[in-house]
S.K.: 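Following this message is one structure expressed as structure tokens.
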Amino acid sequence: SQQGEEDPQALSIQEGENATMNCSYKTSINNLQWYRQNSGRGLVHLILIRSNEREKHSGRLRVTLDTSKKSSSLLITASRAADTASYFCATDAKDNTGKLIFGQGTTLQVKP
Amino acid sequence: NAGVMQNPRHLVRRRGQEARLRCSPMKGHSHVYWYRQLPEEGLKFMVYLQKENIIDESGMPKERFSAEFPKEGPSILRIQQVVRGDSAAYFCASSPPDPRETQYFGPGTRLLVL
């Protein structure tokens, strides 16, 4: 099964609202990354949080990491229609090869 | 600094043909990763290469698939005798020498097998 699992699988909100997506994983990690993918496009890197960090901010994005619960959350504040996309968390394999293990993703729809 | 480049962006092949997908990493990046994304799914790791070396191919199907990253030129993912189940988006990512750093993804190649 996938290392990372996001929930919810799909989320629909109104513009201006906050969106929270969660990710759980199974094994120990060096870091966890969040990516965005617009429909039919490539992945855009959003933020990387290391295992010794608990919270990180980037613009309207806030990421938390709880290694004791093996979970992470991505919060998008004051959402915009342009935030409509799929969001994936990815954890690195502990073997330090750098390969990423992705979850199934959360599809976010922001209605104008 | 150009990002990760992949070509072609779209590729149509008939069953039994060969597909060649190319990836040029970001300047200064020496690690290349290939991932496959089936419709409505997340990405799955296929292979990790450094120049002239395959480091980890644990995600590659045992038959028909091969990858290389020569000393000169792009990394190539080769699929021989394609079948309909190979239809997917194939993404390449590159990272700097420390594999714990951020991976940057290319736009992907969307392969359609008829």
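If you're wondering where the values come from, they're calculated on a predicted model, not measured in any experiment. Quick note on labels: first sequence line is chain A, next is B, and so on, each numbered from 1.
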S.K.: Evaluate side chain to side chain donor-acceptor pair (under 3.5 Å) for Gln37(A) paired with Gln37(B), printing each intermediate quantity in order.
M.R.: CA-CA 12 Å; Gln37(A) 184 180 37; Gln37(B) 184 179 34; 3.0 Å; yes

S.K.: So among Tyr48(B), Phe45(B), Tyr35(B), which one has a side-chain contact (heavy atoms from CB on, under 4.5 Å) with Leu100(A)?
M.R.: Tyr35(B)

S.K.: According to a 4.5 Å side-chain heavy-atom criterion applied to Ile, Leu, Val, Met, Phe, Trp and Tyr, with indirect links allowed, do Leu49(B) and Leu77(B) form part of one hydrophobic cluster?
M.R.: yes

S.K.: Check whether any side-chain N or O of Gln103(B) sits under 3.5 Å from a backbone N or O of Gly98(A) as a donor-acceptor pair, and report yes or no.
M.R.: yes

S.K.: What about Ile79(B) and Ile76(B), same hydrophobic cluster or not, with Ile/Leu/Val/Met/Phe/Trp/Tyr joined at side-chain heavy-atom distances under 4.5 Å?
M.R.: no

S.K.: Hydrophobic clusters here meaning ILVMFWY residues chained together by side-chain heavy-atom distances under 4.5 Å, can you tell me if Met5(B) and Trp34(B) are in one?
M.R.: no

S.K.: Between atom CZ of Phe105(B) and atom NE2 of His45(A), what is the distance when rounded to the nearest 0.5 Å?
M.R.: 9.5 Å

S.K.: Give the minimum heavy-atom separation between Lys99(A) and Ser58(B), together with the two atoms involved.
M.R.: NZ-OG, 3.3 Å

S.K.: Would you check if the side chain of Arg41(A) reaches a backbone N or O of Gly108(B) as a donor-acceptor pair within less than 3.5 Å?
M.R.: no

S.K.: Non-hydrogen atoms of chain A under 4.5 Å away: do they reach the side chain of Gln6(B), the backbone, both or neither?
M.R.: neither

S.K.: Other residues, nucleotides and ligands only: do more than 12 of their heavy atoms fall within 6.0 Å of CD on Glu15(A)?
M.R.: yes

S.K.: Is Tyr104(B) reachable from Val32(B) through a run of I, L, V, M, F, W or Y residues, each pair having side-chain heavy atoms under 4.5 Å apart?
M.R.: no

S.K.: Mind checking whether Leu75(A) and Ile47(A) sit in one hydrophobic cluster, side chains of I, L, V, M, F, W, Y counted as touching below 4.5 Å?
M.R.: no

